[in-house]
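Here is the structure we will look at.
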Amino acid sequence: MHTHGIRATRLTIAGLPLASRLHPSTPDALLGHLRWCLATPYAEAWGLFRNDELLALATLVHFGNSARVGCFHASHPLCDVAQQQLLVNELLRSVEARGCATLTVQVPPKDMDFWKGCGFTEIGAFITYANGNFLEATRDEVALMQPAHTLALLHLDQHATGEDRRTLLLEHHFAAHAYVVDGRVRGALLPLLGNGSIVADDPAVGLELQRWLLPTQHRITVPETNSAACEHLLDRDYDAMGTSVRMVWGSAPAFNADMVFAWPWGTP
């Protein structure tokens, strides 16, 4: 895409120093995400440039028939809404070229109008909690995930999220834990995926897996409509630090909020 001196192009290693200036508060986290995208076959990093000046950047992570916007930063003072929309349009072209029917993005409520203007609709909200008093893990059913549990993990995650995220999960399932009863995987914890991912087919299972995550994770994000997860965290004196809204372009995934007890992405 090239319009009136503005062009959207794939970001390269050479563009990383420019990228860090767009998010000066947490440059290390942003650069880490961008490096991962540049090295990952199913991810992309895009920059919006005027000549050699970086105005905005965005990343995409592709799943089977869907994708998500990993980050979207347009804090440059010369980048207006129309130019930001040009970058979103480039993301949509990339998604369509891969045959994806769904693109999701998770944003602060203040950004909803912008994404609605780009053709996205709201499909759910998440709350990020922090600073509480977690309970110690107690159940023997939780253990390190074994190779025999992998297919069950993929099935459980797809049932919970409505997306085929197998490539992403398999890359991050090192140190994963499974809740297993009579040989059946009832829940799974992936502590290295974002801020931690937990899916479970029963609240008791999901809450126990939270107890394995919270000692090492200061923040946890859960769906706003998962009452079991939210009420438990409030009972443990966790503070609601912020809300994020998930929006979709195309077909909305069949997301089952009651099965999600930790969502990898939440309030920055």
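Residue numbers run from 1 in the order of the sequence given. Values below: all heavy atoms of this structure, side chains included; hydrogens, waters and symmetry mates excluded.
Other residues, nucleotides and ligands place no more than 12 heavy atoms under 6.0 Å from the CZ atom of R166. Heavy atoms from other residues, nucleotides or ligands lying under 6.0 Å from CG of L151 number 12 at most.
Remark: side-chain polar atoms of H177 are paired, donor with acceptor, to backbone N or O of A175 under 3.5 angstrom. The closest donor-acceptor contact from the side chain of H232 to the backbone of A229 lies at 3.5 Å or more, if one exists at all. With hydrogens and angles ignored, the 3.5 Å screen pairs a side-chain donor or acceptor of R7 with a backbone N or O of N51. Side-chain atoms of Q106 do not come within 3.5 Å of backbone N or O of S244 as any donor-acceptor pair. Using modelled atom types, one side-chain atom of T59 and one backbone atom of C71 make a donor-acceptor pair closer than 3.5 Å. No donor-acceptor distance shorter than 3.5 angstrom exists from the side chain of R68 to the backbone of T104, with no hydrogens or angles considered. Of the possible donor and acceptor atoms, none in the side chain of D201 sits under 3.5 Å from a partner among the backbone N and O of L156. Side chain of E208 to main chain of V142: no donor-acceptor pair is present (N/O by atom type, distance under 3.5 Å, no hydrogens or angles). Panel note: side chain H33, backbone L30; no donor-acceptor pair is recorded below 3.5 Å.
Linking Ile, Leu, Val, Met, Phe, Trp and Tyr residues whenever their side-chain heavy atoms come within less than 4.5 Å places F134 and L233 in a single cluster. Note on L38: it clusters hydrophobically with F49, by side-chain heavy-atom contacts below 4.5 Å among ILVMFWY residues. There is a path of hydrophobic side-chain contacts, each under 4.5 Å, that joins L189 to F261. Linking ILVMFWY side-chain heavy atoms closer than 4.5 Å, directly or via other members, places V61 and L190 in a single hydrophobic cluster. F255 and L168 fall within the same hydrophobic cluster, defined by Ile, Leu, Val, Met, Phe, Trp and Tyr side-chain heavy atoms under 4.5 Å apart, directly or through other members.
Residues E171 and T167 fail the side-chain proximity criterion, which asks for heavy atoms closer than 4.5 Å. Annotation: side chain of F120 is in contact with side chain of L103 (closest heavy-atom distance under 4.5 Å). Side-chain contact between I123 and P253: present, with at least one pair of heavy atoms (C-beta onward) separated by less than 4.5 Å. You'll find the side chain of C100 reaches within 4.5 Å of the side chain of H62, heavy atoms only. When side chains are defined from C-beta on, D52 does not count as touching L18, because their heavy atoms never get closer than 4.5 Å. In this structure, W249 and E96 have side chains that are in contact, with non-hydrogen atoms separated by less than 4.5 Å. When side chains are defined from C-beta on, P203 does not count as touching E231, because their heavy atoms never get closer than 4.5 Å. Here the side chains of L60 and V69 are in contact, with some heavy-atom distance below 4.5 Å.
Taken from CD in Q210 to CD in Q217, the straight-line distance is 11.5 Å, to the nearest 0.5 Å. Expressed to the nearest 0.5 Å, how far CG of L207 lies from CG of D202 amounts to 9.0 Å. From L154, atom CG reaches atom CG of D164 across 8.0 Å, with rounding to the nearest 0.5 Å. Interatomic distance, L209 CG to L214 CG, rounded to the nearest 0.5 Å: 11.0 Å. The distance from atom NE2 of H218 to atom OH of Y238, rounded to the nearest 0.5 Å, is 10.0 Å. For the atom pair L55 CG and L87 CG, the distance stands at 10.0 Å (nearest 0.5 Å).
Screening N195, T221, T243, D239 for a side-chain hydrogen bond (donor to acceptor under 3.5 Å, both in side chains) with T128, the sole residue that qualifies is T221.
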>> With side-chain contact (heavy atoms from CB on, under 4.5 Å) as the criterion, how do F114 and V88 come out once you've worked through the C-alpha distance, each side chain's angles and the decisive distance to 0.1 Å?
In response: CA-CA 10 Å; F114 168 76; V88 174; 3.9 Å; yes
>> Show, in sequence, the C-alpha distance, side-chain angles and deciding distance for I198 and W212, and conclude whether the side-chain contact (heavy atoms from CB on, under 4.5 Å) test is met.
In response: CA-CA 10 Å; I198 296 173; W212 289 77; over 6 Å; no
> Can you list the steps and then say if L144 with Q146 is a side-chain contact (heavy atoms from CB on, under 4.5 Å)?
Replying inline: CA-CA 6 Å; L144 281 172; Q146 302 300 316; 4.2 Å; yes
>> Applying side-chain contact (heavy atoms from CB on, under 4.5 Å) to D111 and V105, what does each step give before you reach the verdict?
In response: CA-CA 11 Å; D111 293 342; V105 63; over 6 Å; no
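Aromatic ring orientation, W36 versus Y42: perpendicular (interplanar angle above 60°, classes split at 30° and 60°).
For F72 and W115, the ring centers are positioned less than 6.0 Å apart. Outside the 6.0 Å centre-distance limit, the rings of W263 and Y129 are not counted as a close aromatic pair.
Across all non-hydrogen atoms, the minimal contact from L92 to C118 is CD1-O, 4.2 Å. Counting all heavy atoms, side chain and backbone alike, I127 lies closest to A240 at CG2-CB, 3.9 Å. The minimum heavy-atom distance between V222 and C230, with the atom names listed, is CG2-SG, 3.7 Å. Here the closest non-hydrogen pair linking L91 and A58 is CD1-CB, 3.8 Å. Between T150 and L170, the shortest heavy-atom contact is CG2-CD2, 3.5 Å. Contact record, E163 with D157: O-OD2, 4.3 Å, taken as the closest heavy-atom pair.
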